[in-house]
Every structure is written in C-alpha cells, then in structure tokens.
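Single-structure report; data block below.
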Amino acid sequence: MSASNFTSTHPVAFFLMGIPGLEHVHIWISIPFCSAYALALFGNCTLLFIIRVDTALQEPMFLFLAMLAAIDLVLSSSTLPKMLALFWFRDREINFYACLVQMFFLHSFSIMESAVLLAMAFDRYVAICKPLHYATILTKPLVVKIGMAAATRAVTLMTPLPFLLRRFHYCRGLEIAHCYCEHMAVVRLACGDTRFNNIYGIAVAMFIVVLDLLFVILSYVFILRAVLQLASREARFKAFGTCVSHVGAILAFYTPVVISSVMHRVARRAAPHVHILLANFYLLFPPMINPIIYGVKTRQIRERVLGLFLRKGTKGE
C-alpha cells in the first residue's frame, strides 16, 4: 500500500465494495433503489410543501409528520446518491472525512426518527386519552422543544464516533464491505483496541431501540385501554383509525431493524450480501413508505394532495 494513501493516522479515502457477491448485478439492483429514492423525495417533499402552505395543518400531529418527512429526506439523501454512483459508475472511492460525515448523518438521523416516532405516540396518547386537554398540553412551543430535544439527543450520542474513529490507524485494508459508511464496518478496518467503539455502538443502539420502543408500546397500552372503554363500536373504530398511520410508520421503521439484528445473531453464516441488503432495506423502506401511509390513511393529507393535483389538472386544460 503506497505511503500517499495515508496521512498521520488515517487513510485519505476508503473504497466502498457495494454488495459483495452481487457486483455483477449492481446495475439491476440500482433500479429499485433509484425508484425508492425518487418516491421518497417526491412523497416527503410533497408532505412538507402541503403542511407548510396549509395553515389548517399547523397542528402538533402534522408538525411531527413534517419533522419525520424532513428526517427521511436527510436520511435517504445522505446515502443513496453515493450508492447510486457506486452502482452506475463504479465510483467506489469516498474521502475519509466524507465517510465520517456520512456515518454521522446516517446514525444521528436514524436516532432522530426514532425519537419523532415516540413523540407521535405521545401525541396519539394525549389525543385519545386526554382529548379535552390536547390543545393545552401539546402546544407549538412544546412541539418545538420536543424536536430540539430529539436533535440534541441524536447529536450528543453520535458526535463522539467520528472523533473516536479519527484516532485509529487503519491497517486492515481500505475496502468497506458495504454500500455506505456504517460505524461497525469502518471499525472492522481499524487497528488497535476497538472495544470501546464496539461497546459504545451496541449500547447506543440498544438504548435507543429498546427505550424508545418500550415507551411507544406503553403509550399504546394506555391508548388501547382508553379505546376499549368507549361506549360505541363506531367511536372505537374512529379512535383506532387515527392511530393506523402511526402504527404503520412504527412497523416500517422498527421491523427492518429487528429483523437485521436477529439475522446478525441467528444467521451469522449467511452470505454477506443478505445482511447488506437488509441494512439497505432499512434505509430505503421507511422514507419511501411513510408518505404513502400518511397520504392514504390521513384524510386531511389525502384531501390536500388530491386538491393540489386537481387544481394543476384544471389549469392544464
């Protein structure tokens, strides 16, 4: 390895391998990836535009939805453009610092999304269990504070990682066996004692997934209990209907995480591309499906979207 590839302790660049074992079909894999990214961009930008211009949608639920859409845009845009360049043009090289920045955005915005989903669970809890106090509890200042707390938590937890990785010497090669810079994939190339990085990465992941998911489940236990106490079946269905979109978003976000985690432990001998495809699915699926879930299941969003396109169609005629 030439000396020019290194500065004092770290390489100038890494090389992304994409999906090892499936290099010959990268161009075909790029088609669904590109389609999913295009849908994510279109759907989330549409949601943000509608929520921004329609004053009737300036309620806490829709403000949280706007946060979710913005996070999904950053989450997908931090990885997909480089991934598509890798698949289409074999542009495997990524600058060392660009790799750290990509890793920071990827992990920190994943943590933010988990926090916003938890905040949306709290929103549904207040709306169903304390409907008379909804407007006084979930005020706009509180929504802003929740958003700032979600961002602060994510940034605080992820800021140490780039600095920890910067101090290592990388003597185990420069090829990252992934489509993007993921923390543990980079750590595997480092020499020296990486135990703290391993423990810190696992601890943060477990803390976020377990704690946030536990509070989400707890919120829905209270919601379910309140709904079952409603007198009429119609009222129960209506109350459950307001939660369907949020439950769909939770399943879209957490299911790939849980499946990927289980696969890493149960199917360790599975081909590397199986784990990498699952990790990519986790990045692609929630940003693509969340606007569809909320667009179809939320009446106010559906009406605004239909109205927007009907007006455009009328002007075109």
Side-chain angles (χ1 to χ4, degrees), residues 1-30 33-34 36-37 41 73-111 154-155 157-198 200-202 204-205 260 264 271-284 287:
M1 193 175 296
S2 64
S4 61
N5 282 338
F6 286 89
T7 57
S8 56
T9 59
H10 59 75
V12 173
F14 288 120
F15 295 91
L16 300 168
M17 292 177 64
I19 306 176
L22 297 179
E23 291 89 349
H24 59 292
V25 291
H26 272 178
I27 194 68
W28 296 106
I29 293 173
S30 71
F33 278 45
C34 183
Y37 183 47
L41 288 178
L73 281 173
V74 176
L75 192 59
S76 54
S77 296
S78 64
T79 53
L80 263 296
K82 180 61 182 178
M83 204 182 298
L84 292 174
L86 168 64
F87 290 156
W88 289 342
F89 311 115
R90 297 183 181 179
D91 182 13
R92 299 172 59 224
E93 184 175 337
I94 182 168
N95 179 272
F96 177 79
Y97 289 106
C99 180
L100 296 186
V101 169
Q102 185 187 66
M103 182 196 69
F104 174 81
F105 273 85
L106 168 67
H107 294 303
S108 60
F109 276 83
S110 295
I111 293 173
V155 170
L157 288 173
M158 286 299 106
T159 295
L161 290 186
F163 294 99
L164 289 170
L165 291 173
R166 189 175 178 274
R167 66 188 176 89
F168 287 122
H169 184 74
Y170 294 86
C171 63
R172 296 176 182 171
L174 300 177
E175 290 190 332
I176 297 174
H178 221 303
C179 299
Y180 50 82
C181 289
E182 189 267 335
H183 174 237
M184 291 310 300
V186 176
V187 168
R188 290 188 190 101
L189 303 179
C191 302
D193 188 357
T194 60
R195 282 178 298 177
F196 181 78
N197 285 72
N198 293 328
Y200 187 80
I202 293 170
V204 168
S260 181
H264 271 291
H273 65 260
V274 174
H275 298 293
I276 293 173
L277 284 171
L278 279 171
N280 289 334
F281 184 75
Y282 159 70
L283 282 180
L284 286 167

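When all heavy atoms are compared, the tightest approach of L41 to S77 is CD2-OG, 4.0 Å. For the pair F96 and R166, the tightest heavy-atom approach, listed with the atom from each and the gap, is CZ-CA, 4.1 Å. Closest non-hydrogen pair, P20 versus I276, comes out as CD-CD1, 3.2 Å.
With hydrogens and angles ignored, the 3.5 Å screen pairs a side-chain donor or acceptor of K82 with a backbone N or O of E93. For H107 (side chain) and H183 (main-chain N/O), a donor-acceptor pair under 3.5 Å exists by modelled atom type. The backbone N or O of V186 sits nowhere less than 3.5 Å from a side-chain atom of Y170 that would complete a donor-acceptor pair. With hydrogens and angles ignored, the 3.5 Å screen pairs a side-chain donor or acceptor of S76 with a backbone N or O of L73. A donor-acceptor pair is defined here as one N or O able to donate and one able to accept, closer than 3.5 Å; no such pair exists between the side chain of E175 and the backbone of M17.
Residue I111 holds its CD1 atom at 5.0 Å from CG of L157, rounded to the nearest 0.5 Å. M103 CE to M184 CE: the interatomic distance, rounded to the nearest 0.5 Å, is 11.0 Å. To the nearest 0.5 Å, atoms CZ (F15) and CG (L174) are separated by 6.5 Å. Rounding to the nearest 0.5 Å gives a distance of 7.5 Å between SG of C179 and CG of L277. One distance of note links CG of L189 with CZ of F14; it measures 5.5 Å at 0.5 Å rounding. Within the model, atoms OG of S108 and CG of L75 stand 9.0 Å from one another, a figure rounded to the nearest 0.5 Å.
The side-chain heavy atoms of I19 and V25, taken from C-beta on, include no pair separated by under 4.5 Å. A heavy-atom distance below 4.5 Å is not found between the side chains of F109 and S78. No side-chain heavy atom of L161 sits under 4.5 Å from any side-chain heavy atom of V204. By the 4.5 Å heavy-atom criterion applied to side chains, T194 and L164 are not counted as neighbours.
Shown here is R195, whose CZ atom has no more than 12 heavy atoms of other residues, nucleotides or ligands within 6.0 Å. Heavy-atom neighbours of F33 CZ from other residues, nucleotides or ligands within 6.0 Å: above the threshold of 12.
With sequence neighbours left out, the disulfide (SG to SG under 2.5 Å) criterion links C191 to C171. Scored by the side chain to side chain donor-acceptor pair (under 3.5 Å) test, R167 finds no partners at all (sequence neighbours excluded).
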Quiz prompt | side chain to side chain contact (heavy atoms under 4.5 Å, CB included) evaluation trace for C181 with I176 | solution = CA-CA 7 Å; C181 289; I176 297 174; 3.8 Å; yes
Could you go through T159 and F104, starting from their C-alpha distance and side-chain angles, then the distance that decides it, and tell me whether this counts as side chain to side chain contact (heavy atoms under 4.5 Å, CB included)? CA-CA 7 Å; T159 295; F104 174 81; 3.9 Å; yes
- Item | Worked check of side chain to side chain contact (heavy atoms under 4.5 Å, CB included) between L278 and Y282 | CA-CA 6 Å; L278 279 171; Y282 159 70; over 6 Å; no
| request: Under the side chain to side chain contact (heavy atoms under 4.5 Å, CB included) rule, what do F105 and T79 come out as? Steps first, then yes or no, please. | output: CA-CA 9 Å; F105 273 85; T79 53; over 6 Å; no
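Within the structure, side chain to side chain donor-acceptor pair (under 3.5 Å) pairs that include any residue of residues 11-29 do not occur (at least two apart or interchain).
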